[in-house]
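Read the structure below first, then the notes.
The structure presented is a predicted model; accordingly, all values stated were derived computationally and were not measured. The sequence lines fix the lettering, A, B, ..., with proteins before strands; numbering per chain opens at 1.
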Protein chains: 2
Amino acid sequence: MRLITRDTDYAIRTLCLMADRPKKVFSVSELTKKLNIPRPFLRKILQILHKNKILEAFKGKGGGFLLKKSIDKIYLLDLMNIFQGRFSLNRCLFKRKPCPRIDTCKLRKRIKKMERYLLDELKKISLGSLLN
Amino acid sequence: MRLITRDTDYAIRTLCLMADRPKKVFSVSELTKKLNIPRPFLRKILQILHKNKILEAFKGKGGGFLLKKSIDKIYLLDLMNIFQGRFSLNRCLFKRKPCPRIDTCKLRKRIKKMERYLLDELKKISLGSLLN
DNA sequence: TATAAATGATACCATATTAGTATCATTTTG
DNA sequence: CAAAATGATACTAATATGGTATCATTTATA
Ligand code: FES
Ligand code: FES
């Protein structure tokens, strides 16, 4: 089971790198070289981060992306929500009726509890806290 | 994120139903009617449960499947391992090198901790404990 | 003001995983 | 021997993930 998908992963790495020089405007070319992430994929990711107000973007020659939010205020869970959709462990419940025979669906309750825990843990993890 | 896939889910439901009459030999036809799970899919699932010694199987006319293990000794995690492979949250680590810049990969450690928790919780859940 | 270098928007393709089907062989009972 | 069951296994379909391609727009600067 994959907690973090590739795009979230790449976003983490990119933002951490950018945090090194928080005032600097990075072009995709530059980032792609340093991180070696496939260029068009990285570009898409950066555009999404921009739409979500985590980066600022500058068009035109000499343009690129700039960290907008402090790395300490960007949480892993934010990125997961952006790239992976709202975090939830038991989609199953909503696709099908609750399991016959398990009338009150105890399973669901127990999964909810685990989900609660994971969300709480994930909320605590800022990108800043991963560095150093 | 899906903790439990469809086949595991179906397996749970089927085993719970069979636990109602632990001595009875159920044919696929019978189970498929009661659970309305697509017949050939259910069949595959039952065969896998048989291979994994959770069910006993009887070939030939009048044959079918019989619960071999007590429902209290079948754990959700067993089924997940059978149908979904060994449970682990961070496959990511093994596909790519640890993230550059995050040298000691704190993220990995934190994910491992969550994984530990989930495994502990999942270990506790027997199918028996879901019923009644 | 033309050109090059950047992002914006968006549609597309490739691969992997999950979900489900089909088929033929074998066993068993009557 | 025929019917009714599972064993084994290969195939197909749907979805999610990972990655490309392309054209439009903006901006700096020669
Ligand atoms: S509602 Fe999903 S297993 Fe019960
Ligand atoms: S090793 Fe996977 S995020 Fe660091």
Side-chain angles (χ1 to χ4, degrees), chain A residues 1-11 13-14 18 24-33 35-66 68 79-80 82-88 91-92 94-96, chain B residues 1-11 13-14 24-33 35-66 68 79-80 82-86 88 91-92 94-96:
Chain A
M1 201 174 74
R2 179 171 283 121
L3 186 66
I4 290 174
T5 54
R6 199 59 69 85
D7 36 15
T8 307
D9 179 356
Y10 286 165
R13 296 174 196 221
T14 308
M18 291 175 79
K24 184 176 163 168
V25 173
F26 291 86
S27 73
V28 175
S29 303
E30 196 179 347
L31 290 169
T32 213
K33 254 178 239 160
L35 291 160
N36 68 299
I37 292 169
R39 187 195 157 92
F41 195 22
L42 180 56
R43 208 170 147 220
K44 186 161 78 171
I45 290 168
L46 292 166
Q47 289 185 357
I48 293 171
L49 289 171
H50 171 222
K51 269 192 196 150
N52 284 275
K53 305 183 203 290
I54 287 174
L55 296 177
E56 226 166 325
F58 300 95
K59 288 172 104 174
K61 198 167 174 177
F65 297 90
L66 173 73
K68 191 170 183 179
L79 299 178
M80 290 173 69
I82 289 169
F83 292 102
Q84 308 179 32
R86 191 178 135 270
F87 180 83
S88 151
R91 256 185 255 173
C92 93
F94 305 108
K95 279 210 174 166
R96 322 213 118 213
Chain B
M1 200 174 79
R2 178 169 284 121
L3 186 68
I4 291 173
T5 54
R6 199 62 67 84
D7 36 16
T8 306
D9 179 354
Y10 286 165
R13 297 173 195 221
T14 308
K24 185 178 160 158
V25 172
F26 291 86
S27 73
V28 175
S29 304
E30 196 178 348
L31 290 170
T32 212
K33 254 178 238 161
L35 292 160
N36 69 298
I37 292 170
R39 189 196 155 93
F41 195 20
L42 179 56
R43 211 175 143 214
K44 187 162 75 172
I45 290 167
L46 291 166
Q47 289 184 358
I48 292 170
L49 288 171
H50 172 222
K51 269 193 194 152
N52 284 275
K53 304 180 203 289
I54 287 174
L55 297 177
E56 224 165 327
F58 301 95
K59 288 172 106 174
K61 200 169 176 176
F65 297 89
L66 174 72
K68 191 168 184 179
L79 299 178
M80 289 174 68
I82 290 169
F83 293 102
Q84 308 178 31
R86 193 178 134 269
S88 150
R91 257 186 254 172
C92 94
F94 304 108
K95 279 208 174 170
R96 320 214 118 212

Under 3.5 Å, which N/O atoms of the protein pair with N/O atoms of nucleotides 6-10 of chain D?
from	atom 1	to	atom 2	distance (Å)
D:dT6	OP1	B:Val28	N	3.2
D:dG7	OP1	B:His50	ND1	2.6
D:dG7	N7	B:Arg43	NH2	2.7
D:dG7	N7	B:Gln47	NE2	3.2
D:dG7	O6	B:Arg43	NH2	3.0
D:dA8	N7	B:Gln47	OE1	3.2

(message) Could you go through B:Leu46 and B:Leu31, starting from their C-alpha distance and side-chain angles, then the distance that decides it, and tell me whether this counts as side-chain contact (heavy atoms from CB on, under 4.5 Å)?
(response) CA-CA 10 Å; B:Leu46 291 166; B:Leu31 290 170; 3.9 Å; yes

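Atom NZ in B:Lys61 sits roughly 18 Å away from atom P in C:dT27 (whole-Å rounding). Between the CZ atom of B:Phe83 and the C1' atom of C:dT17 there is a distance of 16 Å, given to the nearest Å. Between the CG atom of A:Leu42 and the P atom of C:dA6 there is a distance of 14 Å, given to the nearest Å. Atoms CZ (A:Phe41) and P (C:dC13) sit 18 Å apart, rounded to a whole Å. For the pair B:Ile4 CD1 and C:dA19 C1', the computed distance is 16 Å after rounding to whole Å. As rounded to whole Å, 16 Å separates atom P of C:dT17 from atom CE of B:Met1.
For residues 38-57 of chain B, the side-chain hydrogen bond (donor to acceptor under 3.5 Å, both in side chains) pairs, not counting sequence neighbours, are B:Ser29-B:Arg39.
By the side chain to side chain contact (heavy atoms under 4.5 Å, CB included) test, A:Lys24 is found to be paired with A:Arg21, A:Phe26, A:Glu30, residues two or more places apart in sequence or in another chain being considered. Here A:Phe41 pairs with A:Tyr10 under the ring pair (Phe, Tyr, Trp, His ring centres under 6.0 Å) rule; sequence neighbours left out. Residues forming a side-chain hydrogen bond (donor to acceptor under 3.5 Å, both in side chains) with B:Lys59 (at least two apart in sequence, or on another chain): none.
Between C:dG20 and B:Tyr10, a contact under 4.0 Å exists linking OP1 or OP2 to a side-chain N or O. Taking side-chain N and O atoms only, A:Arg6 has a distance below 4.0 Å to OP1 or OP2 of D:dG19.
Between B:Ile54 and B:Leu79 the shortest side-chain heavy-atom distance falls below 4.5 Å.
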